[in-house]
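Single-structure report; data block below.
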Amino acid sequence: MPGKALRQRLAELRGPAVPPKALDARALAALAANPGCERRALLDGAGVDKAKLADALGSPSAFGQSQFAFMRGNAFEARVKADGGAELLRLVHEKLDPGAEPPTAGVVPDLSAVGPEGRAARTALALREATAAGVWTLLDHPMLALDVAGSPAFLEPDAVVVHPDGSWTVVEIKSFPMLDGSADPAKVGAAARQSAVYVLALEEVAAHLAQGGDPAPEVRHRVLLVCPKDFSNLPTASAVDIRKQRAVTRRQLARLTRVEDIADTLPEGTCFGPDLPAADLTTAVESVPAAYAPECLAACELAFHCRDRSRAEGVVTALGRSLRSELGGLTTIGEVLAAAHGAAGDPDDPAVAALRRAATLRSEALRGRATPPTGRPELRSEDLPEVAPCR
């Protein structure tokens, strides 16, 4: 599908006069973590606001950041980048490049332009100029483009630093604290996955510069995570190696079905406009296959809706991906129970054999065990172990 036709088709899916919702790195990291979900791939690729869609479906999500946390994060980021980013450049030099010349007065280029495409082009030009200049340069909120399932996503990292040797570093600024030099592992992991998306986008910029005849700059795979120190508002930082997250994210994004391929399978007139009746929206959403798992509750605005549908259909993925992988070809709870009780399934299948063995053990454990009204098990003399007489 040509680019113009695809954009028109995605606009029809969003609804008339509904502006697209931009993808961010957090959403891309969550999308990469569940590449089998065509529903999320299509809705994110079309720019559908899933939070509004969930509200219209009657399954609102408890998603988002509180206003207080948002304001606190902005105030901390402003402090980190004050005075031309002097403190931020000092942290980059200390944690990632101590052998380079210490930054005295870094360059902060103007990245303003019209529209995301213009800002992405201006960012690429600034990166090229900073690499050639060979001085410490801070790019404040640059705009990067990344192809996701055949649709461009525009990403805005907190900062990108160009080192004197021409290499590039992603800087991620978070408002959660580092206590005694360490932070919450779950939050650090989420920040690492988010930074991996930025690194992939920077690598595309570097590849385009190399195609133009310029030397290919190095995109460092150790990013700088900047957080408040202990319980203060003073910045501290830690270098985070994101090579594993980058490899996983790149592989998962490559597995995503292209948006136009998913759109071609939809019935004519499918639309996800939030102003449509709930029944029509439900029909439209259910026309796109989903791959719900409990992890979606922390990453997708439609998770409550998909969870209710998965439970109603008895899909085993609703119980977790690890359990789903152990059950082989048994995809519903009904099939699992039937296999466990010998009513279905191939007895030579390891999953079926394990289920029947577990059902047998459970039946033996419960057989003949009466429970008195008090709720405590009855103690019988024959159940007591034999004790050797004292000599």
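Between H163 and W136, the ring-plane angle classifies as tilted under the 30° and 60° cut-offs.
Remark: R220 engages D165 in a salt bridge, criterion side-chain N to carboxylate O under 4.0 Å. A salt bridge links D44 and K50; the closest N-O separation between the charged side-chain nitrogens and carboxylate oxygens is under 4.0 Å. Ion pair R90/E87 flagged as a salt bridge, since at least one NZ, NE, NH1 or NH2 atom sits closer than 4.0 Å to an Asp/Glu carboxylate oxygen.
The CG atom of D308 sits 5.5 Å away from the OG atom of S59 when rounded to the nearest 0.5 Å. Rounded to the nearest 0.5 angstrom, R119 CZ and E156 CD are separated by 4.5 Å. Taking NZ of K95 as the reference point, atom OG of S238 lies at 6.5 Å (rounded to 0.5 Å). Taking CG of L224 as the start and CD1 of I173 as the end, the distance is 8.5 Å to the nearest 0.5 Å. With rounding to the nearest 0.5 angstrom, the OG1 atom of T265 is 8.0 Å from the CG atom of L42.
Side-chain contact between E172 and Q194 is present, with at least one heavy-atom pair separated by less than 4.5 Å. The shortest side-chain heavy-atom distance between L57 and F304 does not fall under the 4.5 Å cut-off. The closest side-chain heavy-atom distance from N34 to C296 is below 4.5 Å. A heavy-atom distance below 4.5 Å is not found between the side chains of V223 and V171. Side-chain contact between I333 and V316: present, with at least one pair of heavy atoms (C-beta onward) separated by less than 4.5 Å. Side-chain contact check for R39 versus V285: some heavy-atom pair is nearer than 4.5 Å. At a threshold of 4.5 Å between non-hydrogen side-chain atoms, the residues L253 and P35 do not count as touching. Annotation: side chain of L297 is in contact with side chain of Y292 (closest heavy-atom distance under 4.5 Å).
Hydrophobic clustering (ILVMFWY, side-chain heavy atoms < 4.5 Å, transitive): L202 and I242 are in one cluster. Linking ILVMFWY side-chain heavy atoms closer than 4.5 Å, directly or via other members, places V199 and L28 in a single hydrophobic cluster. Linking ILVMFWY residues whenever their side-chain heavy atoms come closer than 4.5 Å, directly or via other members, places L155 and W168 in the same cluster. By the rule that hydrophobic residues join a cluster once side-chain heavy atoms approach within less than 4.5 Å of another member, F154 and L111 end up as members of separate clusters. Transitive grouping of hydrophobic side chains (ILVMFWY, heavy atoms separated by less than 4.5 Å) keeps L138 and V170 in distinct clusters.
More than 12 non-hydrogen atoms from other residues, nucleotides or ligands lie less than 6.0 angstrom from CD of E286. Other residues, nucleotides and ligands contribute only 12 or fewer heavy atoms inside 6.0 Å of the CZ atom of R250. Atom NE2 of H341 has 12 or fewer heavy atoms from other residues, nucleotides or ligands within 6.0 Å.
Across all their heavy atoms, K174 and A191 have their closest contact at CE-CB, 4.1 Å. Across every non-hydrogen atom of V259 and A41, the tightest pair is CG2-O, 4.0 Å. Taking all atoms of both residues into account, the shortest heavy-atom contact from P217 to L209 is CG-CD1, 4.3 Å. Scanning all heavy atoms of the two residues, the minimum distance from P19 to A17 falls at CD-O, 3.5 Å. The two atoms that bring A25 and V197 nearest to each other are O-CG2, 4.0 Å, heavy atoms only. The minimum heavy-atom distance linking L89 with G84 is given by the pair CD1-O, 4.4 Å.
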Let me check something: any side-chain donor-acceptor pairs from residues 143-150 under 3.5 Å, sequence neighbours excluded? List them with distances.
none

Original post:
Can you check side chain to side chain donor-acceptor pair (under 3.5 Å) on H221 and E203, steps first, answer last?
Top reply: CA-CA 10 Å; H221 293 161; E203 288 177 345; 3.0 Å; yes
Subject >> Worked verdict on L355 versus L327 for side chain to side chain contact (heavy atoms under 4.5 Å, CB included) >> reply: CA-CA 9 Å; L355 286 169; L327 291 174; 4.2 Å; yes
Subject >> Stepwise side chain to side chain contact (heavy atoms under 4.5 Å, CB included) check, S195 with V240 >> reply: CA-CA 10 Å; S195 299; V240 180; over 6 Å; no
Subject >> From CA spacing to verdict: side chain to side chain contact (heavy atoms under 4.5 Å, CB included), F76, V226 >> reply: CA-CA 10 Å; F76 177 69; V226 182; 4.3 Å; yes
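Remark: side-chain polar atoms of D349 are paired, donor with acceptor, to backbone N or O of A351 under 3.5 angstrom.
Under the salt bridge (charged side-chain N to carboxylate O under 4.0 Å, His left out) criterion, E77 pairs with K81, not counting sequence neighbours.
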